[in-house]
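Have a look at the structure below, then the notes.
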Amino acid sequence: MKAPTPIVMDVNQHAALPFPQSLPEFQRLFPDDMACAAYLEKLRWQDGFVCPHCRETGVPFHIATRPGVLTCRKCRRQTGLTVGTVMERSHTPLSTWFWAAYLVASQTPGMSAVQFQRQLGIARYETAFQILHKLRAGMVRPDQDRIGGRTKEHVEVDESWIGGRTRGEGRGVHHKVLVACAVEVRHRKPGTAQDKRRDGRYAGRVRLAVVSDRSGKSLGGFVDGAVVPGTLIVTDDWSGYAGLRKRGYDHHAIAECGDPEVADEFLPIIHLVFANLKTWLIGIHHGVSAQHLQAYLNEFTFRFNRRFYPFNAFRSLVGIAGGVRAPTYDELYSGDWEHPTCSSCVP
Ligand SMILES: [Zn+2]
């Protein structure tokens with residue numbers, strides 16, 4: 001017997017699907033649950049529906065009262081459109097999920113659960129909170145590959161203390177969390193309007209992780225997981241980065257990085273990323289507890305890496321099963337596929 005083909009919902013491969021470029025377009029394209037269901041069906045079966053039970057390829061029956069369900073013409077068994085996505089088993093209408101994913105993807109600074117509840121007109125705060133967290137969980141998965149690895153492009157790496165209010169306990173780092181960052185440095189084409197700012201340098205993809213301390217083991221471990229070996233890495237001259245060559249990287253350490261002018265000259269992009277991150281965390285979520293910080297770092301990373309492509313973000317959120325590892329056919333229909341959830345965040 002032939003092994004079943006996994007369903008891969010990498011929506012970026014579906015260039016033929018129309019995509020809204022504005023809010024009015026979004027409303028025209030997704031006016032109700034049926035429209036969302038039709039979109040999802042096209043997303044999953046580009047070449048037309050294939051029944052997972054009997055492999056029949058005929059157009060399935062659609063039930064007006066249950067837009068999320070397709071019924072096979074031949075074997076009459078049902079297939080759920082949202083199986084394997086963050087929307088599975090949710091009682092929230094598809095159109096609400098689409099609207100939610102659109103808001104999460106297109107609102108650059110992100111949104112609190114209260115704002116979200118109001119915008120979507122959801123009666124219960126807990127429902128809004130859960131939708132938001134499921135979409136956020138979806139932001140974790142597509143970005144696990146390592147950055148760097150391109151010739152003529154280097155990666156800046158640095159670490160910074162994030163968050164934490166000292167609440168009258170004096171100065172220090174009591175409640176702060178150490179975060180390591182790696183960011184690709186790209187160059188604009190000479191002669192373009194923006195090539196004069198920062199010598200035409202700008203940020204490519206970013207990786208962020210909570211690390212336990214500033215030791216070579218912690219920082220080196222972070223770099224191992226975040227950056228492709230062989231990449232040129234630029235850091236300050238902190239001893240924690242001294243072992244990068246042994247780990248297989250080309251390493252350039254900048255001395256005197258305590259001097260802001262030197263830091264700005266040689267590590268400008270990563271300082272911008274940290275500044276943006278801190279502003280985002282404070283402005284939107286009024287500071288974040290250490291326990292939840294990694295989830296927010298993942299959300300920031302997801303947004304940052306798609307900041308030029310907000311609609312790719314939307315499509316990733318809706319079709320998230322195609323992120324890194326799509327559930328296999330068997331997993332999808334035997335119920336063994338588990339969604340990523342943020343267990344510590346469930347209210
Ligand atoms: Zn069938």
Side-chain angles (χ1 to χ4, degrees), residues 1-20 26 28-102 105 127 130-131 133-135 137-142 311-341:
M1 203 182 105
K2 228 178 90 197
T5 323
I7 294 173
V8 178
M9 285 171 60
D10 180 359
V11 285
N12 296 325
Q13 290 170 6
H14 298 245
L17 276 179
F19 209 79
F26 182 92
R28 257 199 313 278
L29 209 66
F30 305 118
D32 51 33
D33 291 339
M34 282 310 270
C36 297
Y39 192 84
L40 211 49
E41 187 181 334
K42 271 189 221 148
L43 207 61
R44 302 197 70 158
W45 292 282
Q46 267 189 101
D47 304 319
F49 174 76
V50 181
C51 174
H53 307 288
C54 74
R55 315 300 295 164
E56 167 69 21
T57 54
V59 178
F61 293 118
H62 297 84
I63 313 163
T65 50
R66 296 179 66 200
V69 175
L70 302 177
T71 307
C72 175
R73 213 162 262 281
K74 195 172 156 205
C75 74
R76 306 276 158 156
R77 280 149 90 180
Q78 297 188 330
T79 303
L81 275 175
T82 60
V83 174
T85 76
V86 291
M87 300 175 279
E88 189 180 354
R89 294 199 190 92
S90 164
H91 296 297
T92 302
L94 277 180
S95 54
T96 305
W97 274 105
F98 269 51
W99 185 228
Y102 177 82
T127 308
Q130 274 173 1
I131 290 174
H133 267 82
K134 282 188 178 176
L135 291 173
M139 293 184 185
V140 180
R141 306 174 68 237
F311 295 112
N312 281 1
F314 170 89
R315 296 193 285 192
S316 297
L317 292 176
V318 173
I320 200 65
V324 169
R325 194 183 78 79
T328 64
Y329 210 79
D330 289 338
E331 282 172 331
L332 268 181
Y333 294 102
S334 64
D336 287 343
W337 174 250
E338 286 194 13
H339 315 298
T341 48

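Start at 1 and go down the list; that is how both ligands and their atoms are numbered. Quick note: residue numbers are just sequence positions, from 1. Note: hydrogens, waters and symmetry copies are ignored here, and every other heavy atom, side chains too, is used.
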> Hey, are the side chains of Val69 and Thr79 touching, using non-hydrogen atoms and a 4.5 Å cut-off?
Replying inline: no
> Do Gln78 and Leu70 come close enough that some side-chain heavy atom pair is under 4.5 Å?
Replying inline: no
> Going by heavy atoms in the side chains, are Trp99 and Ile131 under 4.5 Å from each other?
Replying inline: no
> Do Asp33 and Ser95 meet the criterion of a side-chain donor-acceptor pair at a distance under 3.5 Å?
Replying inline: yes
> Between SG of Cys75 and SG of Cys54, what angle is found at the Zn ion (ligand 1), rounded to 10 degrees?
Replying inline: 110°
> Does His53 put an N, O or S atom under 2.8 Å from the Zn ion (ligand 1)?
Replying inline: no
>> Nearest 10°: the angle subtended at the Zn ion (ligand 1) by Cys72 SG and Cys51 SG?
In response: 110°
